[in-house]
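Okay, so here's the structure we're looking at.
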Amino acid sequence: MDPRIELLKADITTLKVNAIVNAANQGLLGGGGVDGAIHRAAGPGLLEECRKMGGCATGDCKATKGYLLPARWVFHAVGPVWEGGGRGEDGLLASCYRKALDLAGQMSLQTIAFPAISCGVYHFPIPRACAIAWKEIQKGLSRNPQLEKVILACFEDEVYEAYRRLARP
Ligand code: APR
């Protein structure tokens, strides 16, 4: 396991990293789950900036400031809704991680934290989603050597255990 990956049971809104990734929707106007938690913790300035972003396509990722969050930036990634696996969901989820890591590279950031994108309201199967995330994060770290730490902020035990199984040598 790349020593730069850190597995943590955590509420992502508490993490003092350069950027936290939000599991957003295409409208970028907030929602429940981690999206709701991030907007609550960031305060109204986040929604004001999001309103000007013109939304975000599934599989893509857009940056805003972090406002009242300890993190400097929020990367709003829009994961796919799970529809059985035959609608390109795996590739769209992989794209969220790839674009977030490459955006961190373009912005010369050192630390970033991810929630388990699409593993809640979007019902992506957790083991499958975590395996996709794990693979993309390893590839993203090799493409972006300036990254010092990628935190996997696990809110649920099932996500944490899925990553622990992947981390085993
Ligand atoms: N910190 C870290 N992870 C969290 C937090 C938190 N504070 N709150 C929830 N999570 C976890 C969930 O337990 C799940 O494992 O984030 C993962 C993603 O779940 P959702 O937040 O439901 O996101 P997603 O499945 O991608 O669905 C996105 O839900 O909230 C709406 O506006 C959002 O429409 C979008 C959709």
Side-chain angles (χ1 to χ4, degrees), residues 5-44 46-51 53-64 66-85 87-101 103-104 111-134 136-137 149-167:
I5 298 176
E6 185 176 338
L7 206 40
L8 213 53
K9 283 195 187 173
D11 170 349
I12 202 167
T13 64
T14 66
L15 299 179
K16 187 164 177 43
V17 289
N18 297 143
I20 59 170
V21 179
N22 182 18
N25 57 53
Q26 292 179 358
L28 292 190
L29 299 178
V34 70
D35 195 4
I38 287 173
H39 275 273
R40 278 192 299 279
L46 178 59
L47 184 57
E48 276 165 43
E49 183 174 358
C50 283
R51 283 209 174 95
M53 305 288 287
C56 183
T58 299
D60 204 353
C61 172
K62 287 187 178 179
T64 65
Y67 297 96
L68 302 177
L69 286 160
R72 172 104 174 70
W73 302 99
V74 179
F75 287 3
H76 303 268
V78 180
V81 177
W82 178 253
E83 297 181 272
R87 307 287 295 271
E89 295 97 317
D90 287 3
L92 287 166
L93 183 63
S95 171
C96 286
Y97 287 93
R98 185 169 56 253
K99 289 184 182 250
L101 290 161
L103 182 56
T111 58
I112 183 169
F114 285 94
I117 300 169
S118 287
C119 289
V121 167
Y122 283 1
H123 296 301
F124 209 108
I126 287 174
R128 188 178 179 130
C130 291
I132 291 166
W134 190 257
E136 286 306 321
I137 288 166
K149 188 181 284 294
V150 175
I151 295 177
L152 298 173
C154 305
F155 205 61
E156 295 166 71
D157 288 346
E158 192 184 348
V159 171
Y160 183 77
E161 291 310 321
Y163 279 126
R164 267 170 45 97
R165 284 193 294 276
L166 289 160

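Counting starts at 1 for both ligands and their atoms, in listed order.
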Hey, is ligand 1 close enough to [X] that some N/O pair sits below 3.5 Å?
{"X": "Asp35", "result": "yes"}
{"X": "Val121", "result": "yes"}
{"X": "Val34", "result": "yes"}
{"X": "Ala24", "result": "no"}
{"X": "Ile117", "result": "no"}

**Prompt:** Among all protein non-hydrogen atoms, which one is nearest to atom 11 (C) of ligand 1, and what is the separation to 0.1 Å?
**Reply:** Phe155 CB, 3.8 Å
**Fill in**
Here the atoms of ligand 1 under 4.0 Å from any heavy atom belonging to Glu156 are 12 (C), 13 (O), 14 (C), 15 (O)
**Per-atom contacts of ligand 1 with Gly30, taking only distances under 4.0 Å to non-hydrogen atoms** = 32 (O)
**Request:** May I ask whether Gly36 has any heavy atom positioned less than 4.0 angstrom from an atom of ligand 1?
**Result:** no
**Prompt:** To which of Leu28, Ile126, Asp11 does the heavy atom nearest atom 7 (N) of ligand 1 belong?
**Reply:** Asp11
**Fill in**
So for Ala10 against ligand 1, with non-hydrogen atoms under 4.0 Å, the contacting part is backbone
**Asked** Does Ala37 approach ligand 1 within less than 4.0 angstrom via side chain, backbone, both or neither, non-hydrogen atoms only?
**Response**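 Side chain only.
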